[in-house]
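The structure's right below; bear with me while I get my questions together.
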Amino acid sequence: MSMDMRVVVLAAGKGTRMRSEIPKVFIPLNGRPMIQHLLDSIKKSGADSRPVLVVGENKEQARRALGDGYDYVYQAEQLGTGHAVQCAERLLKGNARHVMVLYGDHPLVGAATIAKLAALHKRQERLLSMMTTTVEDFDGWRAPFADFGRVIRDASGSIAGVVEAKDATPRQREITELNPAFFAFRAEWLWDNLKKIGNENAAQEYYLGDLVRIAAAEGAPIASLAIDPREAIGVNTPEHLAAAQSIVQ
């Protein structure tokens, strides 16, 4: 049965920088698995009653911990966010008009924000819609944002692309409008254009954010939703986890 929107949650990362044997998305945050905070927000938002989880080596643990209320997709190799979403194509192609992508290690994006992105995307009938966040600097609790991709805008103020921090020039790294990589796509366009993403970058990964450049090059206006930086925090290190914990509390 075709659904209006499906939400894909990327949850296959091993989280080696967390220095834990527990798969990253199951590391406790405020007494609960990190990913559970996000999954609760997705269901509360009404965007998708049965989110799709892209899992890796943690697939059996994911099923045991999270149950049967989700569709599970297996990513055998960690080749980047674009590749992870492509793993869900077989399940979702022809079965959803829109696809939203979120991350199991970004647990603090709220239900209202998820609902706003879904509504904006559908109302403006975009090929691609995205959240952005802006910080005043990269000091203190905002230090993790230095690793985020920078949002590139053209002279008219329209979004023209995203450059990953590893690939950014010194001048681009000064940009403080950032890409947490929370996207919504028109599904048919997404599946057609994922094949166009290359891995010619510092990490040799297939970045989902490259679709921003592709859409802009087509002349397709990109809708954006500015969100509070606290909702965009990602957890990749124990220090990031401490920052997320302080916000939850």
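Please read these numbers as outputs of a predicted model, since none were measured by experiment.
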Q. Is any side-chain heavy atom of Pro144 less than 4.5 Å from a side-chain heavy atom of Ile233?
A.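 The answer is no, as the side chains (C-beta and beyond) never meet within the 4.5 Å cut-off.
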**Q.** Check against salt bridge (charged side-chain N to carboxylate O under 4.0 Å, His left out), Glu205 and Lys166
**A.** CA-CA 12 Å; Glu205 292 187 353; Lys166 293 178 181 178; over 6 Å; no
Q. Closest heavy-atom contact between Ser45 and Ala115?
A.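 Heavy atoms of Ser45 and Ala115 come nearest at O-CB, 3.8 Å.
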Q | Test item: Glu177 and Arg153 side chains (from C-beta on) under 4.5 Å apart, heavy atoms | A |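 Yes; the side chains approach each other to less than 4.5 Å.
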Q: State the NE2-CZ distance between His98 and Arg186, to the nearest 0.5 angstrom.
A: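 Going from NE2 on His98 over to CZ on Arg186, the span is 7.5 Å.
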Q) Checking side chain to side chain contact (heavy atoms under 4.5 Å, CB included) for the pair Leu190/Leu128: CA distance, chi angles, key distance, verdict? A) CA-CA 8 Å; Leu190 171 65; Leu128 187 161; over 6 Å; no
Q | Pairwise distance OG1(Thr169) to CD(Glu174) - rounded to 0.5 angstrom | A |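 Separation between the atoms: 8.5 Å.
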Q. Ile227 and Val235: same hydrophobic cluster, using ILVMFWY side-chain contacts below 4.5 Å?
A.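 Yes.
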Q. Is there a side-chain contact between Leu108 and Arg230, using heavy atoms and a 4.5 Å cut-off?
A.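 Answer no - side chains too far apart.
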Q: Go through the steps to decide whether Ile152 and Ile175 satisfy the test side chain to side chain contact (heavy atoms under 4.5 Å, CB included), and finish with yes or no.
A: CA-CA 8 Å; Ile152 308 299; Ile175 296 172; 3.6 Å; yes
Q: Verify the neighbour count for atom CD of Glu218: are there more than 12 heavy atoms of other residues, nucleotides or ligands below 6.0 Å?
A: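 Atom CD in Glu218 is crowded, with more than 12 foreign heavy atoms closer than 6.0 Å.
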Q | Distance in Å, Leu211 CG paired with Lys196 NZ, rounded so as to fall on 0.5 Å steps | A |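 Answer rounded to 0.5 Å: 9.5 Å.
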Q: Report yes if the side chains of Leu66 and Gln36 come closer than 4.5 Å at any heavy-atom pair, otherwise no.
A: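 Yes, at least one pair of side-chain atoms sits under 4.5 Å.
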(Q) Closer than 3.5 angstrom, by distance alone: can the side chain of Asn95 be matched with the main-chain N or O of Leu91 as a donor-acceptor pair? (A)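 Such a contact is found between Asn95 side chain and Leu91 backbone.
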Q: Find the distance between CE (Met130) and CG (Asn179) and round it off to the nearest 0.5 Å.
A: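 That separation rounds to 4.0 Å.
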Q: Using the ring-ring contact (aromatic ring centres under 6.0 Å, His included) rule, collect all pairs that involve residues 169-202, keeping only residues at least two apart or in two chains.
A: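 Every pair satisfying ring-ring contact (aromatic ring centres under 6.0 Å, His included) with a residue in residues 169-202: His106-Phe182, Phe183-Phe185.
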Q | Shortest non-hydrogen contact between Ile114 and Ala47, atoms and distance | A |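 Nearest heavy atoms, Ile114 then Ala47: CG2-CB, 4.0 Å.
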Q. Is there a path of hydrophobic side-chain contacts, each under 4.5 Å between heavy atoms of I, L, V, M, F, W or Y residues, that connects Phe26 with Leu38?
A.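 Linked, Phe26 and Leu38 end up in one cluster.
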Q: Look up atom OH in Tyr207 and atom CZ in Arg213, then write down how far apart they are to the nearest 0.5 Å.
A: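 Between Tyr207 OH and Arg213 CZ, I get 13.0 Å after rounding to 0.5 Å.
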Q: Verify side chain to side chain contact (heavy atoms under 4.5 Å, CB included) between Leu225 and Ser129, making sure each step is shown before the conclusion.
A: CA-CA 8 Å; Leu225 174 69; Ser129 305; over 6 Å; no
Q | Shortest non-hydrogen contact between Met5 and Ala118, atoms and distance | A |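 For Met5 and Ala118, the tightest heavy-atom pair comes out as SD-CB, 3.8 Å.
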Q) Taking all non-hydrogen atoms of both residues, which atom of Leu120 and which atom of Ser224 are closest, and how far apart? A)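 That would be CD2-O, 3.7 Å.
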Q: Identify the heavy atoms of Arg6 and Pro51 that sit nearest to each other, and give their distance.
A: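 What the structure gives for the nearest pair is NH2-C, 4.4 Å.
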Q: Consider only side-chain heavy atoms of I, L, V, M, F, W and Y, link residues closer than 4.5 Å, and tell whether Leu39 and Val248 are in one cluster.
A: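 Leu39 clusters together with Val248.
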Q: Is it possible for you to say whether Leu79 and Val9 belong to one hydrophobic cluster, with membership spreading through side-chain heavy-atom contacts below 4.5 Å?
A: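 Result: yes, single cluster for both.
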Q | Residue pair Lys59 / Leu53, side-chain heavy-atom distance below 4.5 Å | A |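 No, too far: nothing below the 4.5 Å cut-off.
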Q.
If you count heavy atoms of other groups shown closer than 6.0 angstrom to CG of Asp68, is the number above 12?
A.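 Counting neighbours around CG of Asp68, 12 or fewer heavy atoms of other residues, nucleotides or ligands fall under 6.0 Å, so no.
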Q) Between Gly104 and Val25, which heavy-atom pair has the shortest distance, and what is it? A)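 Taking every non-hydrogen atom into account, C-CG1, 3.7 Å.
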Q.
With a 3.5 Å distance limit and no angle check, can you tell me whether Glu188 reaches the backbone of Arg97 through a side-chain donor-acceptor pair?
A.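 Not a single qualifying donor-acceptor pair exists.
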(Q) Are there over 12 heavy-atom neighbours, none belonging to Lys122, within less than 6.0 Å of that residue's NZ? (A)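 Result for NZ/Lys122: enclosed.
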(Q) Would you say Leu92 ends up clustered with Val101 if hydrophobic residues are merged whenever their side chains have heavy atoms under 4.5 Å apart, either directly or through other cluster members? (A)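 Val101 and Leu92: one cluster.
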Q. Going by the side chain to side chain donor-acceptor pair (under 3.5 Å) test, which pairs reach into residues 76-88, not counting sequence neighbours?
A.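 For residues 76-88: Gln75-His83.
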(Q) Taking salt bridge (Lys or Arg N to Asp or Glu O under 4.0 Å) as the definition, give me every residue that meets it alongside Asp192, ordered by chain and number, with sequence neighbours left out. (A)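 Result, salt bridge (Lys or Arg N to Asp or Glu O under 4.0 Å) vs Asp192: none returned.
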Q) Would a 4.5 Å heavy-atom cut-off, applied to side chains only, mark Trp141 and Ser246 as touching? A)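 Sidechains of Ser246 and Trp141: no contact.
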Q: Enter the distance from Thr134:OG1 to Asp228:CG here, rounded to the nearest 0.5 Å.
A: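 Thr134 OG1 to Asp228 CG: 11.0 Å, rounded to 0.5 Å.
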Q: Verify side chain to side chain contact (heavy atoms under 4.5 Å, CB included) between Val85 and Val54, making sure each step is shown before the conclusion.
A: CA-CA 8 Å; Val85 174; Val54 180; over 6 Å; no
(Q) When you compare the side chain of Met34 with that of Asp105, does any pair of heavy atoms fall below 4.5 Å? (A)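 They are in contact (side-chain heavy atoms under 4.5 Å apart), so the answer is yes.
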Q. Is a side-chain donor or acceptor of Arg150 paired with a backbone partner of Leu178 at a separation under 3.5 angstrom?
A.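 A pair under 3.5 Å: no.
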Q) Is there a side-chain contact between Met100 and Asp48, using heavy atoms and a 4.5 Å cut-off? A)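 Heavy-atom side-chain distance check fails, nothing below 4.5 Å.
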